[in-house]
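Below is one structure; the comments refer to it alone.
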Amino acid sequence: MNKVLFFAHLRDEAGVESAEIEAAGKTVAQLKEIVAETYKLGKLDSAMAAINEEFAPNEEVIQEGDVIAFIPPVSGG
Amino acid sequence: MNKVLFFAHLRDEAGVESAEIEAAGKTVAQLKEIVAETYKLGKLDSAMAAINEEFAPNEEVIQEGDVIAFIPPVSGG
Amino acid sequence: MNYEIAKENIDIQSVIDKVVQREAGAITTFIGTVRELTKGKKTLYLIYEAYESMAVKKLEQIGNEIKERWEGAEVAITHRVGKLDITDVAVVIAVSTPHRADAYEANRYAIERIKEIVPIWKKEHWEDGQEWIGDQLERVAYPSGKPEAGDLNE
Amino acid sequence: MNYEIAKENIDIQSVIDKVVQREAGAITTFIGTVRELTKGKKTLYLIYEAYESMAVKKLEQIGNEIKERWEGAEVAITHRVGKLDITDVAVVIAVSTPHRADAYEANRYAIERIKEIVPIWKKEHWEDGQEWIGDQLERVAYPSGKPEAGDLNE
């Protein structure tokens, strides 16, 4: 299983802070599609993804146990 | 009469912090010459002068009561 | 602990203290404060949220990038989360270097990088509504899913 | 009293407090500290001396120059005099502006101007001697008796 984290407007839209999803073997892009459909997330395309707290490109393959976070454009500072 | 102030290495060389000199009607350049000779100040040429706390060019004429300061190249900050 | 996410008011002096060094002639700080007006619109308050564990790692990455580029630099960054009122301090960046030009440049680099790669978001609250900043149309989106090629695993 | 000559330790936060404003999104500070090594030579301590009344006026002039050039800027500068040990704070410059690029630029401008026009001098004390900095041969002299044309009565 994999933990998936939502932040900022994505969390507001998804209505949850995190979810458990079976994502091992899928790419980040594939997981994005699944998550966008499941949670009706319109702007997931503009989000970055992080795997285990490091930015990961769309083509990276997720491993069992990885924590995936969807990161909207940041606005700290 | 005019008060003349010395700072930093000029004060160390002159051996005084200030002096009373009759300088009215003289230019800054003329006063520099007099002071350099009186106090044996070798580096007065590289000093700026201030009249009443404002930088003054060499050709400015000193008025009665003006306070003149000789200001070596500054090194604050 | 030079890189922190704070839930309370940031003590600026304590961030500065982390970068004091005998080899430094200059310390610069950047203090980001909550501004009342942005494009004529009045902000009432902000909420900052962070992906805290990753944010700390990314702040540390920025510090390491600075130490590689500016020799002898020391860096400390604290970013606050939670509700912030006007004039409250959101972020403090302190950089010390032997010479002053580097302290300014390295500090500026830090704030620009924070705005690129550190997972922190602010939600602006106005009299007539609220919005997460960063999902607005005028912002650059990241269609490839990443901020830029160079940011990955740097 | 945004422009001061201090005879004791400078409280950095109190300088920052002077430039806090609701319109500011950014505050930068420059903190000049006493560095141990300069060109490989070990400093034991410094003595700073000021032509105090004129120095305060010149600091204020610098603040006014900044306000003219960078809209919405607030400025506070405190420079210390007397004996300073390694890592002691010699000067604190705080600048607040609505946007961050200005806060960095205006702050940098302030320290460069201090080094040009404010009558403050430092005497370095090493193990093998002491010297007023500013009268050394590697420094630019002012043969015309002034720092530069633009500095007069600005």
Side-chain angles (χ1 to χ4, degrees), chain B residues 2-19 21 23 26-37 39-63 65-77, chain D residues 5 30-33 46-62 77 79-81 90-93 110-124 130-154:
Chain B
N2 298 89
K3 192 167 192 179
V4 176
L5 307 174
F6 300 103
F7 293 98
H9 75 90
L10 292 178
R11 189 203 47 228
D12 288 356
E13 285 176 44
V16 294
E17 285 187 21
S18 65
I21 297 176
K26 294 190 172 64
T27 64
V28 167
Q30 289 170 327
L31 178 62
K32 270 190 180 180
E33 272 181 46
I34 295 166
V35 166
E37 201 174 296
Y39 292 97
K40 311 292 176 216
L41 299 177
K43 290 176 181 172
L44 200 53
D45 277 354
S46 67
M48 302 172 252
I51 298 181
N52 302 330
E53 304 175 357
E54 271 302 335
F55 289 111
N58 272 332
E59 56 276 18
E60 188 154 330
V61 177
I62 296 159
Q63 309 295 314
D66 281 351
V67 175
I68 297 97
F70 292 114
I71 299 190
V74 303
S75 52
Chain D
I5 300 296
F30 175 84
I31 301 158
T33 57
L46 300 181
I47 304 282
Y48 275 97
E49 170 183 320
Y51 180 8
E52 191 171 327
S53 54
M54 181 172 169
V56 170
K57 279 189 184 176
K58 288 291 149 188
L59 292 176
E60 187 171 8
Q61 174 186 323
I62 292 169
I77 307 173
H79 201 300
R80 189 168 163 196
V81 293
V91 62
V92 177
I93 303 165
I111 184 66
E112 301 304 334
R113 288 294 273 162
I114 286 172
K115 288 171 181 290
E116 284 171 3
I117 67 162
V118 180
I120 299 176
W121 302 270
K122 70 175 166 189
K123 191 177 198 173
E124 293 227 22
Q130 59 195 50
E131 186 163 23
W132 284 105
I133 307 302
D135 67 325
Q136 293 171 307
L137 290 177
E138 68 261 33
R139 290 278 309 206
V140 176
Y142 303 99
S144 69
K146 50 189 171 62
E148 59 180 77
D151 296 327
L152 295 175
N153 305 313
E154 259 183 16

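Below, all heavy atoms of this structure are taken into account, side chains as well, without hydrogens, waters or symmetry copies. Throughout, protein chains are lettered first and strands after them, A, B, ... in sequence-line order, and every chain is numbered starting at 1.
Summarising the local packing, CD of B:Glu33 is surrounded by 12 or fewer heavy atoms from other residues, nucleotides or ligands at distances under 6.0 Å.
When the options D:Ile120, D:Ile133, D:Val118 are evaluated for a side chain to side chain contact (heavy atoms under 4.5 Å, CB included) with B:Ser75, the one that passes is D:Ile133.
Heavy-atom distances place both the backbone and the side chain of D:Ile114 under 4.5 Å from chain B. Interface remark: B:Leu10 contributes no atoms to any contact with chain D (heavy atom separation under 4.5 Å). The part of D:Lys57 that comes within reach of chain B is its side chain, from C-beta onward, which places non-hydrogen atoms under 4.5 angstrom from that chain. Contact annotation for D:Ala50: only backbone heavy atoms (N, CA, C, O) come within less than 4.5 Å of a heavy atom of chain B.
Taking every heavy atom of both residues into account, B:Arg11 and D:Glu49 meet most closely at NH1-OE1, 2.6 Å. Of all heavy-atom pairs between B:Pro73 and D:Gly134, the closest is CB-O, 3.1 Å.
When atom types are taken as modelled, the side chain of D:Tyr48 and the backbone of B:Gly77 share a donor-acceptor pair closer than 3.5 angstrom. Between the side chain of D:Trp121 and the main chain of B:Phe7, no donor-acceptor pair closer than 3.5 Å is present. Side-chain N or O atoms of D:Lys115 include one that pairs as donor or acceptor with a backbone N or O of B:Gly76 at under 3.5 Å.
Here the CD atom belonging to D:Glu116 is positioned 9.5 Å from the CE atom belonging to B:Met48, to the nearest 0.5 angstrom.
When the salt bridge (charged side-chain N to carboxylate O under 4.0 Å, His left out) test is applied to D:Lys123, the partners found at least two apart in sequence or on another chain are B:Asp12.
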